[in-house]
S.K.: 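I am attaching a structure below and will ask some questions about it afterwards.
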Amino acid sequence: MNKDILQSELQFKALRSSGAGGQNVNKVASKVELIFDLEASNGLTDDEKVLLKQNLRNRLTKENILLLQCEESRSQHKNKTLVVQRFFDLIEEGLIIPKKRIPTKIPRSVVRKRLKAKRKTSDKKAGRRPPELE
């Protein structure tokens, strides 16, 4: 992953933000939308693209485009910085290959202890039953 190339491939769109801001909110486009085309990216290898498609499948459009928005601040510049940071965090998280889980074997002593406890409970409940009359 080459961050410099990825940074140059990002596209931004400024939109009007919702929420607090008074009269200013109707005039200023402070919300920032980041657009990243995963297929056309030169900053990622083919293996990384496959891994990101798999790990970020819920966040990608049908054309494999990633859209992120930020409207936390009233400043467009600050929102742009925040959305770029969020983008790189998401990419780094998506490139992590999870370790394969190796199931452990249950020790014999644990199995014996569980069966002994079951037998004890069974005997206790059997002792509460009324005796069988013939």
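The figures that follow rest on heavy atoms only: side chains count, while hydrogens, waters and symmetry mates do not.
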S.K.: Which ring-ring contact (aromatic ring centres under 6.0 Å, His included) pairs, counting each pair once, include a residue from residues 82-125, with sequence neighbours left out?
M.R.: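 Only F36-F87 qualify under ring-ring contact (aromatic ring centres under 6.0 Å, His included).
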S.K.: Could you tell me the separation between the CZ atom of F12 and the CG atom of L34, rounded to the nearest 0.5 Å?
M.R.: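 The CZ atom of F12 sits 5.0 Å away from the CG atom of L34.
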S.K.: Minimum heavy-atom separation for E9 to A40, with atom names?
M.R.: OE2-O, 4.2 Å
S.K.: What residues form a salt bridge (Lys or Arg N to Asp or Glu O under 4.0 Å) with K78, not counting sequence neighbours?
M.R.: none
S.K.: For the hydrophobic clusters of this structure (ILVMFWY residues joined by side-chain heavy atoms under 4.5 Å, transitively), does one cluster hold both L6 and I96?
M.R.: no
S.K.: Looking only at non-hydrogen atoms, find the nearest pair between S73 and S30 and report the distance.
M.R.: O-OG, 4.2 Å
S.K.: Drop me the distance from L95's CG to L90's CG, to the nearest 0.5 angstrom.
M.R.: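 Here the interatomic distance stands at 9.5 Å.
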S.K.: List the residues meeting salt bridge (Lys or Arg N to Asp or Glu O under 4.0 Å) with E93, not counting sequence neighbours, and say none if there are none.
M.R.: none
S.K.: To the nearest 0.5 Å, how far apart are CG in L15 and CD in Q69?
M.R.: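 One gets 6.5 Å once the value is rounded to the nearest 0.5 Å.
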S.K.: Please name all residues satisfying side chain to side chain donor-acceptor pair (under 3.5 Å) with Q7, sequence neighbours left out, ordered by chain then number.
M.R.: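 Partners of Q7 under the side chain to side chain donor-acceptor pair (under 3.5 Å) test: none.
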S.K.: Would you give me the side-chain donor-acceptor pairs under 3.5 Å for residues 42-68, sequence neighbours excluded?
M.R.:
from: T45; atom 1: OG1; to: E48; atom 2: N; distance (Å): 3.2
from: E48; atom 1: OE1; to: M1; atom 2: N; distance (Å): 3.4
from: E48; atom 1: OE1; to: T45; atom 2: N; distance (Å): 3.0
from: E48; atom 1: OE2; to: M1; atom 2: N; distance (Å): 3.1
from: K49; atom 1: NZ; to: E39; atom 2: O; distance (Å): 3.1
from: K49; atom 1: NZ; to: S41; atom 2: O; distance (Å): 2.8
from: K53; atom 1: NZ; to: E39; atom 2: OE2; distance (Å): 2.4
from: N55; atom 1: ND2; to: G94; atom 2: O; distance (Å): 2.5
from: R57; atom 1: NH1; to: Q54; atom 2: O; distance (Å): 2.3
from: T61; atom 1: OG1; to: E63; atom 2: N; distance (Å): 3.4
from: T61; atom 1: OG1; to: I65; atom 2: N; distance (Å): 3.1
from: T61; atom 1: OG1; to: I65; atom 2: O; distance (Å): 3.4
from: N64; atom 1: ND2; to: E39; atom 2: OE2; distance (Å): 3.1

S.K.: Between the side chain of N79 and the main-chain N/O of V32, is any donor-acceptor distance below 3.5 Å?
M.R.: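 No, N79 side chain to V32 backbone: no donor-acceptor pair under 3.5 Å.
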S.K.: Between CD of Q76 and OG1 of T81, what distance do you get to the nearest 0.5 Å?
M.R.: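 Separation between the atoms: 10.5 Å.
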S.K.: Less than 3.5 Å apart, which donor and acceptor atoms pair up between the side chains of residues 99-121 and the rest of the protein, not counting sequence neighbours?
M.R.:
from: T121; atom 1: OG1; to: A117; atom 2: O; distance (Å): 2.9

S.K.: Just how far is it from atom CG of L82 to atom NE2 of H77, taken to the nearest 0.5 Å?
M.R.: 10.0 Å
S.K.: With rounding to the nearest 0.5 angstrom, report the CD to CZ distance, E71 to R16.
M.R.: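 Atom-to-atom, E71:CD and R16:CZ are 14.0 Å apart.
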